[in-house]
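Below is one structure, written out as structure tokens; the observations come after it.
All ligand and atom numbering here is 1-based and tracks the order in the structure. Note that these values count all heavy atoms, side chains included, but never hydrogens, waters or copies made by symmetry.
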Amino acid sequence: MTAKQTCPHLAAVRTVRGPARRECEECVKIGASWVHLRTCQTCGVTLCCDSSPNRHASKHAHASGHPVIASAEPGERWLYCYPDDAITSY
Ligand SMILES: [Zn+2]
Ligand SMILES: [Zn+2]
Ligand SMILES: [Zn+2]
């Protein structure tokens, strides 16, 4: 399966939101650790990636319906849309 280049959700992102703090809000609450961080482009929450044990960013996207995350890793400049499985760099 090939990821599409663009989708309406990615196209709607005008200003990319970065992490307020470089930590997963949910992991901090439960004392867990994470691998990489992602920032929700709808509400701005920063959560952990699918390589992390708790996969909070994916859980948040599915529970809230917020479609787009950005990488919160230094030097990474990309956005990902969950419903369309689409990725774009900026
Ligand atoms: Zn989309
Ligand atoms: Zn987490
Ligand atoms: Zn959100």
Side-chain angles (χ1 to χ4, degrees):
M1 201 159 105
T2 353
K4 281 178 276 182
Q5 288 284 313
T6 53
C7 72
H9 312 103
L10 292 176
V13 176
R14 297 269 173 262
T15 310
V16 177
R17 301 173 76 152
R21 305 175 66 156
R22 270 186 209 288
E23 57 188 32
C24 171
E25 285 188 16
E26 294 301 320
C27 282
V28 165
K29 284 182 201 164
I30 60 174
S33 59
W34 58 85
V35 180
H36 296 123
L37 294 171
R38 310 291 181 237
T39 300
C40 175
Q41 295 301 293
T42 305
C43 66
V45 69
T46 297
L47 298 167
C48 56
C49 71
D50 282 357
S51 303
S52 308
N54 292 291
R55 304 174 62 174
H56 284 127
S58 284
K59 285 182 189 161
H60 172 74
H62 291 124
S64 65
H66 297 166
V68 178
I69 51 153
S71 174
E73 295 300 310
E76 291 189 5
R77 296 172 63 84
W78 52 262
L79 300 163
Y80 176 75
C81 174
Y82 282 100
D84 293 300
D85 189 28
I87 192 162
T88 189
S89 50
Y90 62 89

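Judged by distance alone, with hydrogens and angles left aside, the side-chain atoms of Glu26 form no donor-acceptor pair with the main-chain N or O of Cys24 at under 3.5 Å. A distance-only check finds a donor-acceptor pair linking the side chain of Gln41 to the backbone of Arg17 [under 3.5 Å]. Ser51 places no side-chain N or O within 3.5 Å of a backbone atom of Val35 that could act as its donor or acceptor partner. With His60 contributing its side chain and His56 its backbone, the two residues share no donor-acceptor pair below 3.5 Å. Judged by distance alone, the side chain of Ser52 and the main-chain N or O of Cys48 form no donor-acceptor pair under 3.5 Å. Between the side chain of Arg14 and the main chain of Ala11, a donor-acceptor pair closer than 3.5 Å is present.
Neighbours of the Zn ion (ligand 2) restricted to protein N, O or S atoms under 2.8 Å: the count is 4.
Put simply, the side chain of Thr46 does not reach to within 4.5 Å of the side chain of Arg22, judged on heavy atoms. Counting heavy atoms from C-beta on, the side chains of Ile69 and Thr39 never come closer than 4.5 Å. Put simply, the side chain of Val13 reaches to within 4.5 Å of the side chain of Val68, judged on heavy atoms. When side chains are defined from C-beta on, Arg38 counts as touching Glu73, because their heavy atoms get closer than 4.5 Å.
Within the protein, the N, O or S atoms sitting under 2.8 Å from the Zn ion (ligand 3) are Cys40 SG, Cys43 SG, His60 NE2, His66 ND1.
When rounded to 10 degrees, the angle formed at the Zn ion (ligand 1) by ND1 (His9) and SG (Cys81) equals 110°.
Nearest N/O/S atom of Asp84 relative to the Zn ion (ligand 1): this is OD2.
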